[in-house]
S.K.: 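Shown below is the structure under consideration.
These numbers were taken from a predicted model, which means no experiment stands behind them.
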Amino acid sequence: MNGVGSSVGGRVSRFLVPALPVARVAWLRVVLATFALVDATLITNHVLEHVHIGAFWRPTLVGRVLHLPAPTTVTASLALAAMALGVVLALPRRTRYLAGWLSSLGYLSWVLWSMGFGYVAHDHMAIVVGMVVLLTAGRADFEDQRTSRAAGWALRCVQVATVMTYAGSAVSKCVRSGTPWAWANGAVTVWAVTRRGSTLGDWVGRFPAFLVAVQWTVLVCEFLAPVALWLRGKKLYVAFGAAMLFHLSTWLTLGIHFLPTVVCWAAFLPLERLGAFRRVRPVAGEPVREPV
């Protein structure tokens, strides 16, 4: 029994804390930090516009736990400056870890301020998790092809948060509608297309039966999204492509992009290959393993 338990425990441990390339952490930090700045300036840019109505800000649970005060012109500007500086300092080797802290603290504050003004966007869950947990992997270089369980744990957290965004959305649909088929057989997409409107949306809105089929497909795929954690190679790329196609279609028909979640799919990709031409020698006794 002990042998079986050890075997199962080992498999669970390898799944939750896999040994993944350190370089992937470095590249993902840059990707998320860059998008965080884009998000703050183009998507959630209402924070600076709302600083004069701080009395209407109601902090979320995380904001209350951290005792985060309402945003002001000064604090919001400092958060933006921290994110911008984080992107700049992410390139030099000696300042990369500091850059991660600046980006993380600036963006976490910004997102909490944004969500406190009345709308909690579930598409920001994975990127917020990523901005925080990637710091636990320690220093990481773009060309470091060694594998690390610290890097694997951080990357796995981002991967889990990404796929659970979809699964959580599916659960929410079912809870709010009463049953899965109540949502899937309803007129949710027809209503959304009518309310938001677009050239493509107006066209597909003429085929309600097709939209019902789409709703069933979306619901099933959202429930199955966690399967991506077990996929490798071409199967993983197919899942990645399907997710990108889904988000492209929602943007073209409804104007909904989910970009904060989209960029987090990068945690599944072999970003470490971008720096493979500058391979470093492994530490004595630690073999270089193929990326997972």
Side-chain angles (χ1 to χ4, degrees), residues 24-51 60 62-63 68 71-92 95-135 140 142 154-155 157-159 161-163 165-166 196 198 240-241 243-252 254-269 271 274-275:
R24 191 183 303 186
V25 170
W27 286 104
L28 188 60
R29 282 175 178 170
V30 173
V31 170
L32 297 190
T34 302
F35 180 80
L37 184 60
V38 172
D39 180 30
T41 54
L42 297 179
I43 302 175
T44 55
N45 53 1
H46 58 268
V47 172
L48 273 175
E49 298 174 356
H50 290 168
V51 293
T60 57
V62 177
L68 185 69
T72 64
T73 301
V74 174
T75 56
S77 298
L78 287 175
L80 276 176
M83 284 184 276
L85 190 58
V87 174
V88 174
L89 296 180
L91 299 179
T95 56
R96 289 173 190 166
Y97 196 49
L98 172 62
W101 277 98
L102 289 172
S103 295
S104 178
L105 292 175
Y107 189 61
L108 180 60
S109 300
W110 190 271
V111 170
L112 291 176
W113 283 328
S114 173
M115 305 306 165
F117 280 111
Y119 176 67
V120 178
H122 70 284
D123 64 341
H124 280 69
M125 181 180 74
I127 189 172
V128 170
V129 169
M131 293 292 286
V132 174
V133 299
L134 288 177
L135 293 174
F142 299 119
L155 290 166
C157 285
V158 182
Q159 293 172 353
T162 300
V163 297
T165 298
Y166 300 92
R196 292 178 174 273
S198 69
F240 173 81
M244 298 304 103
L245 183 60
F246 165 70
H247 289 298
L248 177 61
S249 64
T250 58
W251 179 63
L252 292 175
L254 304 175
I256 303 175
H257 53 73
F258 294 102
L259 284 177
T261 300
V262 170
V263 297
C264 290
W265 275 95
F268 287 91
L269 303 179
L271 301 177
L274 296 174

S.K.: Give a yes or no answer on whether the side chain of Thr95 reaches the backbone of Leu98 with a donor-acceptor pair at less than 3.5 Å.
M.R.: no
S.K.: Drop me the distance from Met83's CE to Leu105's CG, to the nearest 0.5 angstrom.
M.R.: 11.0 Å
S.K.: Donor-acceptor check, side chain of Arg96 to backbone of Leu89, threshold 3.5 angstrom: yes or no?
M.R.: no
S.K.: Measure across Ala99 and Ala90 and return the closest heavy-atom pair with its distance rounded to 0.1 Å.
M.R.: CB-N, 3.5 Å
S.K.: Measure across Ala82 and Gly106 and return the closest heavy-atom pair with its distance rounded to 0.1 Å.
M.R.: CB-CA, 4.4 Å
S.K.: List for me each residue that meets side chain to side chain contact (heavy atoms under 4.5 Å, CB included) alongside Ala26, sequence neighbours excluded, and say none if there are none.
M.R.: Ala140, Phe142
S.K.: Of the non-hydrogen atoms in Phe268 and Val163, which two are nearest, and what is the gap between them?
M.R.: CZ-CG1, 3.8 Å
S.K.: Could you tell me the separation between the CZ atom of Phe117 and the CD atom of Glu49, rounded to the nearest 0.5 Å?
M.R.: 10.5 Å
S.K.: Could you tell me which non-hydrogen atom of Ala243 sits nearest to which non-hydrogen atom of Tyr166, and how far apart they are?
M.R.: CB-OH, 4.5 Å
S.K.: To the nearest 0.5 Å, how far apart are CG in Leu134 and SG in Cys157?
M.R.: 9.0 Å
S.K.: Could you list the donor-acceptor pairs under 3.5 angstrom formed between side-chain atoms of residues 36-47 and any protein atom two or more places apart in sequence or on another chain?
M.R.:
{"residue": "Asp39", "atom": "OD2", "partner": "Tyr107", "partner atom": "OH", "Å": "2.5"}
{"residue": "Asp39", "atom": "OD2", "partner": "His124", "partner atom": "NE2", "Å": "2.9"}
{"residue": "Thr41", "atom": "OG1", "partner": "Leu37", "partner atom": "O", "Å": "2.8"}
{"residue": "Thr41", "atom": "OG1", "partner": "Val38", "partner atom": "O", "Å": "3.2"}
{"residue": "Thr44", "atom": "OG1", "partner": "Asp39", "partner atom": "O", "Å": "3.2"}
{"residue": "Thr44", "atom": "OG1", "partner": "Trp110", "partner atom": "NE1", "Å": "3.0"}
{"residue": "Asn45", "atom": "ND2", "partner": "Thr41", "partner atom": "O", "Å": "3.3"}
{"residue": "His46", "atom": "NE2", "partner": "Ser114", "partner atom": "OG", "Å": "2.9"}

S.K.: Rounded to the nearest 0.5 Å, how far apart are CG of Leu80 and CG of Leu85?
M.R.: 12.5 Å
S.K.: Which side-chain N or O atoms in residues 254-264 pair as donor and acceptor under 3.5 Å with protein atoms at least two apart or in another chain?
M.R.:
{"residue": "His257", "atom": "ND1", "partner": "Leu259", "partner atom": "N", "Å": "3.0"}
{"residue": "Thr261", "atom": "OG1", "partner": "Asp123", "partner atom": "O", "Å": "2.9"}

S.K.: Mind checking the CD1-CZ spacing from Ile127 to Phe35? Nearest 0.5 Å is all I need.
M.R.: 5.5 Å
S.K.: Might you point out which heavy atoms bring Thr73 and Val51 nearest each other, and give the distance in Å?
M.R.: OG1-CG2, 3.6 Å
S.K.: Testing the basics here: between Leu68 and Ser109, what is the closest heavy-atom pair and its distance to 0.1 Å?
M.R.: CD2-O, 4.0 Å
S.K.: Would you confirm whether Ser104, through its side chain, and Gly100, through its main-chain N or O, come within 3.5 Å as a donor-acceptor pair?
M.R.: no
S.K.: If we ignore hydrogens and angles and just use 3.5 Å, is the side chain of Thr162 paired with the main-chain N or O of Val158 as donor and acceptor?
M.R.: yes
